[in-house]
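I have a structure here, written as structure tokens, and I will follow up with some questions on it.
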Amino acid sequence: MSIEIRPVPVVDMEDSLRLSGIAFMRGKRPNLTAEQFMNPERLRLGLYEEDRLRAQLSIIDYNLFFGENLRRCGGIAGVACEPADRGRGY
């Protein structure tokens with residue numbers, strides 16, 4: 001069994017949107033264009049098992065002040081996986 005974490009490319013957009021729909025929209029597919037999907041301010045990472053997208057998350061780029069220091073940060077969002085894969089550690 002081969003497991004790999006890598007950026008989700010636009011060719012896997014439909015699988016990614018299906019996972020998001022299951023997790024957040026009661027099974028309805030989010031209405032995103034390829035341009036919106038590939039937003040450079042959001043890094044989409046996918047967990048692939050045997051080259052099949054099984055889970056995903058997004059890291060949203062933003063800045064945050066710590067005291068007077070501005071720091072680049074990433075917020076975790078859109079964590080989703082196949083319902084049948086829940087409880088498997090990914």
Side-chain angles (χ1 to χ4, degrees):
M1 170 170 52
S2 171
I3 294 178
E4 181 181 15
I5 297 174
R6 64 179 188 251
V8 178
V10 73
V11 296
D12 290 339
M13 182 174 117
E14 287 304 317
D15 290 336
S16 175
L17 294 178
R18 184 181 56 76
L19 283 179
S20 293
I22 290 168
F24 305 110
M25 299 180 69
R26 297 184 178 168
K28 295 180 183 175
R29 179 195 179 281
N31 188 21
L32 290 179
T33 65
E35 184 177 285
Q36 292 168 323
F37 183 80
M38 297 306 293
N39 180 346
E41 293 180 4
R42 178 180 292 236
L43 172 62
R44 292 178 192 273
L45 294 176
L47 183 140
Y48 290 82
E49 182 179 51
E50 301 300 330
D51 217 31
R52 180 176 171 220
L53 181 63
R54 307 292 275 195
Q56 67 182 2
L57 63 81
S58 293
I59 302 174
I60 301 171
D61 192 27
Y62 70 98
N63 295 313
L64 186 66
F65 277 97
F66 287 92
E68 295 181 10
N69 299 310
L70 185 64
R71 300 282 188 217
R72 185 174 177 211
C73 298
I76 304 297
V79 178
C81 73
E82 294 275 0
D85 292 332
R86 292 179 186 152
R88 293 186 60 197
Y90 57 74

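If you're wondering where the values come from, they're calculated on a predicted model, not measured in any experiment.
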With hydrophobic residues grouped by side-chain heavy-atom distances under 4.5 Å, do Leu53 and Ile5 end up in a single group?
no

Verify same cluster id: Met38, Leu32 (apolar side-chain graph, 4.5 Å):
yes

Taking only distance into account, with no hydrogens and no angle test, what donor-acceptor pairs under 3.5 Å do side-chain atoms of residues 61-70 form with protein atoms, sequence neighbours excluded?
residue : atom : partner : partner atom : Å
Asp61   : OD1  : Arg72   : NE           : 3.0

For residues 4-13, pull every pair meeting side chain to side chain donor-acceptor pair (under 3.5 Å), keeping only residues two or more places apart or in separate chains.
Glu4-Arg6, Arg6-Asp51, Asp12-Tyr48

Same cluster or not: are Met25 and Ile22 linked, directly or through other Ile, Leu, Val, Met, Phe, Trp or Tyr residues, by side-chain heavy atoms under 4.5 angstrom apart?
no

Heavy-atom pair with the smallest gap, counting every atom of Val8 and Phe37:
CG1-CZ, 3.8 Å

Apply side-chain contact (heavy atoms from CB on, under 4.5 Å) to Gln56 and Ser20, showing your working.
CA-CA 9 Å; Gln56 67 182 2; Ser20 293; 2.9 Å; yes

Are the side chains of Leu45 and Pro7 in touch, meaning some heavy atoms are under 4.5 Å apart?
yes

Scanning both residues in full, the closest heavy-atom pair of Ala80 with Ala23 reads CB-CB, 3.6 Å

Indicate, with yes or no, if Leu17 and Val10 share a hydrophobic cluster defined by side-chain heavy-atom contacts under 4.5 Å among Ile, Leu, Val, Met, Phe, Trp and Tyr.
yes

Check: Glu50 side chain, Ser2 main-chain N or O, donor-acceptor pair, under 3.5 Å
yes

Distance (rounded to the nearest 0.5 Å) between Glu49 CD and Ile3 CD1
5.0 Å

Hydrophobic clusters here meaning ILVMFWY residues chained together by side-chain heavy-atom distances under 4.5 Å, can you tell me if Val79 and Ile59 are in one?
yes

Minimum heavy-atom separation for Glu82 and Leu19, please, with both atom names.
N-CD2, 3.6 Å

Note, Arg86 side chain near Cys81 side chain (heavy atom, < 4.5 Å)
yes

